[in-house]
Amino acid sequence: MTASRTLTFHVFRHNPRDSGGEPGVREYQVEETPGMTLFIALTRIREEHDPGLSFDFVCRAGVCGSCAMLINGRPGLACRTLTSELPGTISLFPLPGFELIADLSVNTGKWMRAMSERLQAWVHLGSEVNPNQIEAAMDPDLAEAVYELDRCIECGCCVAACGTALMRPDFVGAVGMNKLARFRLDPRDDRSDAEYYQLIGDDSGIFGCMSLLGCQDVCPKELSLQTQIAFMRRAMARQGL
Amino acid sequence: MKIIHSDVLVIGGGLAGQRVALAAKRRGLEPSILSLVPAKRSHSVAAQGGMQASLANCFKGEGDNEDVHFEDTVRGSDWGCDQRVARMFAHVAPKAIRELAAWGVAWNRVRAGEHEAVINGQRVTLTEREDAHGLITARDFGGTRKWRTCYTSDGTGHAMLYTVSDRVIAEAIPVHERQEALALIHDGHRCHGAVVRDLITGELSAHLARATVIATGGYGRIWGISTNALINEGMGAALALETGVARLGNMEAVQFHPTAILPTGILVTEGCRGDGGVLRDVDGHRFMPDYEPEKKDLASRDVVSRRMAEHMRAGKGVKSPYGEHLWLDITQLGAAHIDRNLREVKDICRYFLGIDPAKDFIPVRPTQHYSMGGVRTDYRGESQWLSGLFSCGEAACWDMHGFNRLGGNSVAETVVAGMLVGEYVADFCQSRHGDQEISTALAREFVQREQRGLEKIIANPGHENAVDLRRRMEQIMTDKVGLFRNGPDLESAVAELAELLARSGEVGVNGGLDANPELVLAYRLPRMLKVALTVAMGALNRTESRGAHFREDYPARNDRDWLNRTLACWREGDALPRLDYEELDVLRMELPPGFRGYGAKNIIDHPDTAPRQAEVDEMRAAKLDRYAVQSYLMSFKHLLPLKYRGRNERLDEPLP
Amino acid sequence: MNIPDSFLPPRIDRWPARLDLLQSASGLILGLFMWLHMLFVSSILLGNHAMWTVARFFEGYFFFGYPLPWLVSAFVALIFALFATHAWLALRKFPTHWRQHMAYMRHMRAMRHEDTFLWFVQVLTGFAMFFLAPVHLYLMMAHPELIGPYESADRVWSGRMWPLYLVLLFLVELHGGVGLYRLAVKWGDFKDAIAARRKLKRLKWGLTVFFLVLGLATLAAYVKIGMEHAPHVGERYQPAAFLLPSSKDFSDAGSGGGGLNPPQPPFDKGGSRRVEGMS
């Protein structure tokens, strides 16, 4: 390890329910320790400098998607961002595109539930199965391909990285399109393309995407969002012919 | 005062809670779910390796069935579990996994033909049968005799939680996110709901329901280093404890997972070892076969963790700035296998350690992982002391895990218990017991009490610092209530925790009653300390070693005196919890106590063990059909909801 | 659980899909056309005669034996229509409110993300072309016969069109290059999307640089010819080997130039035509 640095954090502070409060940025200094993540740094800031600082960490292991924020301007998962990979001055802002709860905490859960309801993002079952019987066989490669798309953690990074979503709040974002691509691939979902078209066949859906590919470049799970969006666009465009 | 009514109030939005809500909804009831975080962020998501269910599809799972799964589970529990519950669980697990398969979980599937695997450090070729092609496959896990752990790469919990959450959305069940239950509303006999705090606005409300279900997960965060999510602070256990009537079971039964990374305690799955990875010491030596010639690296977690600690005590640990550790070596599995089946592990290594597990060893050490203890319930998931209060999943002591849980049995429990307890909850709600008879005055009284409590914290001048007290609690739990325990340490732990509890009432807080993390810590701290005290007291009193509870001063498993379940209850005004014990009846066990097949063989027998074993042996010698033997030894099917009583079909066991 | 609203197949509005396809298709055609256009125009670098040949080729001279400039007019009209369609469709995506504009600007500054920045480049260049391109398009539509080494050079220099063309060159090449790249990632089915995108990005920048260099050289060539030809402005190019038939259309259009044309001296049919060989 090299000589330890003193990190300077510029952290957004605002509680929208505090009528007198104005949004602002507070500065904190933290001694860097080996292997320090933003989770560790923010916990230390809260414990040593500012016990009222709000942020969301749950799994702190990069799997739950709670802690997405703008790290030096780019969306990312704070829990698995090592400070050693950042410059000595680090700015932390809440994820844009979502309702602000306070400071670095935003309401991604509410957005995602609304998106799921709007896109009917669940497997549409033909009929209930008898669980006593052997399960229906599924091609092993197909199962892996479905899981590949199922790995989305709904962290909201793709929405915050999307210029379209930030201009148009009704845009479903890469997270929504990837979900429908996942269900479309899944043989257990019995929806037709016409039904998917009804959900995303307009400018707040697949045709609103301007291929800025911020989503692809920030997705913490490295999902193939470019491929999935192109795939859905081709499928939905065929409905227009 | 805002009052919200529903039929079933589920506290906790993880797999267990959501599955209960679905069961209730499908029975025509109106459930609602409270969750500290968006439901899909619950700790269930962190389960990596898989879910056990005896499908017997893959080659190394052939011959598997409920009997084998049951026996593995009981041995894993060190005979501390409720065997009827373990039976119910093993019977329903295949149904649960098949239901999830239909709902959309992308379980990895069997690929017919030859494939390579690493078993006991050797590359071997296995041949999968043709008729199993496309059925759900399984991997090896610790303490199991068959490959039974079904998986989706190493994101099993994620895939399951998302599928179940999606169904909750599909079936329009409301999830109240960022809402925390502060207290149960009850009259000493009957639970009527909970006082709920909105974590955004700070507003308190009363949620009234016919049945209340605690499904809040474990209490791992009372330790300093834990694999658990930060929200697993034992608040569900505290809710039950603070009623003064409901009891917690086996709180001292706490599992340490062998392979969590340094320094943060993030878990790397048991699937690493299941798929052929091995543990190595400072010299690069594979040491587990020296201790456990039979199961080697794949003994149960309590045993492997203890052996690791033993080995480090013998000076074979690797020194690091964060303390000693050992190595987990999965390099022989190859990059292709890791990319496909252990990708979370690869990500964790890359982001938190900066290493490539296909080339480098992973630094690991035993770390707090799972709470076998929790809200004590009967087989229906209901508290025996507070009617209308149910619990399931890790939060509960339903008691299928006893003193040690097998890997792959936790996510399995969440959905199985969710299915079963959900039915019993619905039965309860639809019976006369489920009638709601509550005056709003009682609800108001409870809400006002919590409101006063919060206002008192805010008004406190505050000569105590909540963070310091919490750190001290974590340190005590790690040092004195850890993997190895002894009388003097536990005594001092209890005394110190009790002192911290007294001091925690003097914590001061800045800021207001709304979204205020400082306030949240202040009101949770005393609750966490109460939970910690039930753990420490339970461990102090239990003068034997069983499963994950290991007393250096009492290393034997003492069936004669301790084949029982610890019950803890906390009367209002008391400084410490009261403990009493619930006996386990050897004469009704299908699998009488014996040697687990791994770990130290140091047992003081129960006087009933030998006669019961003779009975069991005689029955087995009769060579009857396995269902008949089972039913004779310990009938359980009558306990199951009708819809789940059917036999499970397998390739070699067609339905009659 | 999931009961369909009716047993009829779901009724869908096909127009969003069609408009999206049309936007992409019009962009594709315009983008490819602009690259070809650049290649044709740059034939001046091969000499006056080469350029003259290309220009006459598009008038059908080599098919019919005499030029039909209205063919060019018709083609320009088609491009104009495509241009208008594309602009109209693309305009739907532009930030229309100040709030949207600010949101995008804030986002772009924070993200420092190339593709996000390039979209803004497209918005700016598209917006500018919306005003500038019609000038050139109208000229070409109205006076298709004034495409030639001297004619074009006179327009560039003596007609003072070079600043417009210089700006248009950058607008077109940036907008078209980014647009074609975006079409590829928008619709493309790649085995390895990440690698494909990296390659496409390199190709895109390579082509942009190539066409800008080519365009600047071409413009310089016209400027040079235009400066040299300034004393004879209006005089048309006539290759030595070809004597054009005195087609009425051809000469009339030349002498009756509209207001947008460079000042033209009286056109003397026959004798005073300067005849040049290939340079």
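Chain naming here is simple, since letters A, B, ... match the order of the sequence lines and numbering starts at 1 in each.
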- Message: Looking at Arg188(A) and Gly104(B), would you say the former's side chain and the latter's main chain have a donor-acceptor pair under 3.5 Å?
- Response: yes
- Query: What part of Asn465(B) is in contact with chain A, defined as an atom under 4.5 angstrom from a non-hydrogen atom: side chain, backbone, both or neither?
  - Reply: neither
- Message: Among Leu230(B), Leu36(B), Val37(B), Ile97(B), which residue has the highest count of heavy-atom pairs closer than 4.5 Å to chain A?
- Response: Leu230(B)
- So, are Glu47(A) and Arg44(A) salt-bridged, with charged N and O less than 4.0 Å apart? no
- Message: Taking side chain as everything from C-beta outward and backbone as N, CA, C, O, which of these in His43(B) sits under 4.5 Å from a heavy atom of chain A? Side chain, backbone, both or neither.
- Response: neither
- Query: For Asp514(B), what residues pass the side chain to side chain donor-acceptor pair (under 3.5 Å) criterion, not counting sequence neighbours?
  - Reply: Asn15(A)
- Task: Check each atom of Val509(B) against the heavy atoms of chain A and say whether the ones under 4.5 Å are side chain, backbone, both or neither.
- Result: neither
- Item | Proximal component of Gln48(B), with respect to chain A [non-hydrogen, under 4.5 Å] | neither
- Message: Between Thr43(A) and Arg60(A), do the side chains contain a donor N or O and an acceptor N or O under 3.5 Å apart?
- Response: no
- Contact origin within Val105(B) toward chain A - heavy atom pairs under 4.5 Å: backbone
- Item | Residue pair Phe57(A), Phe39(A): steps toward the ring-ring contact (aromatic ring centres under 6.0 Å, His included) verdict | CA-CA 7 Å; Phe57(A) 289 98; Phe39(A) 159 63; 5.0 Å; yes
- Under 30°, 30 to 60°, or over 60°: which ring-plane class applies to His124(A) and Trp122(A), parallel, tilted or perpendicular? parallel
- Item | Region of Arg340(B) in contact with chain A, defined by heavy-atom distances below 4.5 Å | side chain
- Task: Using the ring of Tyr351(B) (Phe, Tyr or Trp, six-membered ring only), decide whether Arg80(A) places NZ or CZ under 6.0 Å from its centre and within 45 degrees of its axis.
- Result: yes
- Message: So for Leu655(B), is it side chain, backbone, both, or neither that comes closer than 4.5 Å to the heavy atoms of chain A?
- Response: side chain
- Item | Modelled atom types, side-chain donor and acceptor of His257(B) and Thr367(B), under 3.5 Å | no
- Leu55(B) versus chain A, heavy atoms under 4.5 Å apart: side chain, backbone, both or neither? side chain
- Please state whether the side chain, the backbone, both or neither of Asn228(B) comes within less than 4.5 Å of a heavy atom of chain A. backbone
- Item | Residue part contacting chain A, namely of Arg470(B), when any heavy atom lies under 4.5 Å | neither
- Task: Check whether Ser44(B) gets within reach of chain A through its side chain, its backbone, both or neither, counting any heavy atom under 4.5 Å.
- Result: neither
- Query: Can you say whether Arg647(B) sits under 4.5 Å from chain A via the side chain, the backbone, both, or neither, judging by heavy atoms?
  - Reply: backbone
- Task: Using non-hydrogen atoms and a 4.5 Å limit, figure out which bit of Ser42(B) sits close to chain A: side chain, backbone, both or neither.
- Result: neither
- Query: Does the side chain of Gln179(B) pick up a donor-acceptor pair with the side chain of Asp198(B) at under 3.5 Å?
  - Reply: yes
- Between Tyr162(B) and Lys40(B), is there a cation-pi geometry (under 6.0 Å to ring centre, at most 45° from the normal)? yes
- Note on the structure: Applying a strict 4.5 Å limit to non-hydrogen atoms, the region of Ala172(B) in contact with chain A is backbone
- Message: Checking an interface table here. Which of residues 98-108 of chain A come within a heavy-atom distance under 4.5 Å of chain B?
- Response: Ile101(A), Ser105(A), Val106(A), Asn107(A), Thr108(A)
- Query: Is NZ or CZ of Arg191(A) both nearer than 6.0 Å to the six-membered ring centre of Tyr196(A) and within 45° of the ring axis?
  - Reply: no
